[in-house]
**Q** 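Dropping the structure in here first, questions after.
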Number of protein chains: 2
Amino acid sequence: MTRTPLTATAIIAEAADLADEAGFDGVTLSAVARRLGVQTPSLYSHVRDRAALLDGITALALSELADRVAVAIAGRADRLALHGFAEAHRAYSLQSPGRWQSLQRRAGAAAVESSAARSFVALTDALLRGYGLPPEERVHATRLIGSTINGFLALEAIGSFDHSAPAPEVSWRKTLDALDALLMTWSTDAQNRTP
Amino acid sequence: MTRTPLTATAIIAEAADLADEAGFDGVTLSAVARRLGVQTPSLYSHVRDRAALLDGITALALSELADRVAVAIAGRADRLALHGFAEAHRAYSLQSPGRWQSLQRRAGAAAVESSAARSFVALTDALLRGYGLPPEERVHATRLIGSTINGFLALEAIGSFDHSAPAPEVSWRKTLDALDALLMTWSTDAQNRTP
DNA sequence: GGGTTTTGCCTAATGCCTGTAGGCTGGGAC
DNA sequence: GTCCCAGCCTACAGGCATTAGGCAAAACCC
């Protein structure tokens with residue numbers, strides 16, 4: 001009556017599901033073991049320790065998100081690509097809050113050097129190339145877009161928008177429009193803004 | 001030989017210092033007790049439990065940050081006020097990373113209803129009034145500014161900018177300039193951007 | 001000023017979690 | 001059929017949160 005043979009991948013997948021249900025800090029080796037119908041120490045044959053398990057969730061989430069973003073911006077340019085990029089992030093953060101939360105922390109070396117991370121850089125760069133941004137401005141634009149999107153989703157996730165009307169969606173649309181407008185004009189007047 | 005008489009305030013202050021040194025999740029009742037030269041259970045006479053202690057740190061941080069922001073934007077308008085507002089946040093996040101981190105999570109009722117929270121709303125509103133934003137647009141602008149600033153500082157804090165040049169400061173300046181430009185034009189063309 | 005109450009820190013103890021050490025077993029290799 | 005070993009198990013050693021109850025000194029009351 002062997003269940004799933006208990007591999008590192010299976011453990012991390014279960015942990016990711018748990019993260020979505022119980023929050024990222026709710027991810028505990030004992031809880032994962034319980035869900036898998038196994039004793040806690042059995043997990044140590046497959047994952048080094050709790051930190052490694054959490055890093056595994058981060059790597060998984062990064063790769064899942066990169067895939068979604070790739071699909072969302074494929075064959076699109078400018079405004080549509082930006083919206084696809086942003087909506088992919090938002091959908092992920094809303095559907096898989098725990099996985100998404102795993103990305104909001106200092107990533108371990110494994111995640112940083114993963115192919116998903118490189119994928120991300122390439123995707124964002126492609127997005128910005130479409131806007132005609134000069135290469136040396138792309139880092140800053142990347143950082144700005146990342147800050148705004150992640151920042152919005154983070155504030156939404158912790159309920160910062162719960163105490164004021166209207167619904168976050170309205171602000172979200174305006175935010176994306178603002179980003180789009182900004183990128184449109186960036187190439188023409190970025191250089192004389194900051195001397 | 002009574003040291004400091006051990007009050008809730010003293011405990012929370014010590015916990016906040018610990019958070020800055022060991023990270024917010026490093027804040028543990030035992031560690032705080034050790035630092036105060038006291039046994040762990042002794043803390044329970046003053047704080048209900050660990051969650052209450054963490055909420056205390058959040059409330060403290062919120063109030064400290066509100067004070068700094070108030071000073072930073074006093075007597076300034078527009079671009080200068082925005083820069084003051086943003087720099088106050090950034091300085092706080094760099095000088096007191098643990099306290100700042102305590103703000104990046106779902107706040108307890110105590111913090112939400114604190115006078116510092118109300119202070120924040122008022123300060124941001126004042127900032128935006130200076131830009132001549134129509135009242136119904138202020139929520140969205142507030143959310144956008146908050147998203148971008150917090151998002152940038154969060155990414156900087158977790159080291160997302162460590163693997164690309166140039167230094168974050170350059171992107172930070174460009175980000176603030178972009179926000180300023182955005183707010184400048186918001187009042188004139190916000191309404192025809194999102195129908 | 002002496003007795004009493006109150007306050008505030010203490011020790012003791014429980015339960016959950018991480019992480020290590022070592023035992024048992026069942027299925028594949030030969 | 002026997003041997004080997006991968007893989008899960010039990011046992012155990014800390015560390016932390018939290019509760020219960022003791023004790024001593026300060027505060028208070030008359």
Side-chain angles (χ1 to χ4, degrees), chain A residues 1-60 98 101-102 105-111, chain B residues 1-60 98 101-102 105-111:
Chain A
M1 194 169 105
T2 38
R3 294 260 171 215
T4 324
L6 201 61
T7 65
T9 327
I11 294 173
I12 290 171
E14 193 68 43
D17 289 348
L18 172 60
D20 287 336
E21 293 168 26
F24 187 69
D25 343 279
V27 175
T28 176
L29 281 169
S30 347
V32 173
R34 254 191 309 272
R35 286 168 72 106
L36 290 168
V38 153
Q39 295 301 316
T40 311
S42 308
L43 300 181
Y44 283 88
S45 316
H46 305 279
V47 295
R48 188 154 17 92
D49 53 10
R50 182 163 185 261
L53 179 67
L54 300 185
D55 281 351
I57 300 180
T58 301
L60 172 65
Q101 209 181 339
S102 81
R105 53 192 265 285
R106 185 157 235 118
Chain B
M1 197 167 103
T2 39
R3 296 255 169 217
T4 324
L6 200 62
T7 65
T9 327
I11 294 175
I12 289 171
E14 192 67 43
D17 288 348
L18 172 61
D20 287 336
E21 292 168 26
F24 186 68
D25 339 285
V27 175
T28 178
L29 282 170
S30 346
V32 173
R34 255 192 308 273
R35 286 169 71 108
L36 290 168
V38 154
Q39 296 300 317
T40 310
S42 306
L43 300 181
Y44 282 87
S45 316
H46 305 279
V47 296
R48 187 155 19 89
D49 53 10
R50 182 162 184 263
L53 177 66
L54 299 185
D55 281 352
I57 300 181
T58 300
L60 172 65
Q101 209 181 340
S102 80
R105 51 191 267 285
R106 184 157 238 119

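Chain identifiers are assigned alphabetically (A, B, ...) following the order of the sequence lines, protein sequences preceding nucleic acid strands; residue numbering begins at 1 within each chain.
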**Q** Of the listed nucleotides (dT18(C), dC10(C), dA17(D)), which one gets closest to any side-chain atom of Leu29(B)?
**A** dA17(D)

**Q** Send over the distance from Leu43(A) CG to dT20(C) P, rounded to a whole Å.
**A** 13 Å

**Q** Taking atom P of dC16(C) as reference, at what distance in whole Å does atom CZ of Arg50(B) sit?
**A** 18 Å

**Q** For Leu36(B) and dC10(C), what is the distance between atoms CG and C1' respectively, to the nearest whole Å?
**A** 16 Å

**Q** Measure from the side chain of Ser42(A), starting at C-beta and using heavy atoms only, and say which of dT18(D), dC17(C), dC9(D) lies closest.
**A** dC9(D)

**Q** Round to a whole Å and report the spacing from CD of Gln39(A) to P of dT20(C).
**A** 18 Å

**Q** For Asp25(A) versus Arg50(A), what's the shortest heavy-atom pair and its separation?
**A** O-NH2, 3.8 Å

**Q** Grab the NE2-P distance between His46(B) and dG8(C) for me, whole Å please.
**A** 6 Å

**Q** If you measure from OG1 on Thr9(A) to CD on Glu14(A), what distance do you get to the nearest 0.5 Å?
**A** 13.0 Å

**Q** Report yes if at least one side-chain N or O of Thr40(B) is closer than 4.0 Å to OP1 or OP2 of dT18(D); otherwise report no.
**A** no

**Q** Could you check which of dT18(D), dA11(D), dC8(D) has an atom nearest any side-chain atom of Pro41(A)?
**A** dA11(D)

**Q** Take atom CG of Asp25(B) and atom P of dC16(D), then tell me their distance rounded to the nearest Å.
**A** 14 Å

**Q** Would you say a side-chain N or O of Arg34(B) is under 4.0 Å from OP1 or OP2 of dC16(D)?
**A** yes

**Q** What I want to find out is whether Asp55(A) reaches Arg105(A) closely enough, with some N-O distance under 4.0 Å, to be called a salt bridge.
**A** yes

**Q** Thinking salt bridges, do Arg35(B) and Glu21(B) make one under a 4.0 Å N-O criterion?
**A** yes

**Q** State whether Ser30(A) places a side-chain N or O below 4.0 Å from either non-bridging phosphate oxygen (OP1 or OP2) of dT18(C).
**A** yes

**Q** Check the distance between dG8(C)'s C1' and Tyr44(B)'s OH and give it to me in whole angstrom.
**A** 16 Å

**Q** Return no unless some side-chain N or O of Ser45(A) is found under 4.0 Å from OP1 or OP2 of dA6(D).
**A** no

**Q** Could you check which of dC8(D), dC17(C), dT18(D) has an atom nearest any side-chain atom of Asp49(B)?
**A** dT18(D)

**Q** Identify the two heavy atoms, one from Asp49(A) and one from Tyr44(A), that lie closest to each other, and give their separation to 0.1 Å.
**A** CA-CE2, 4.1 Å

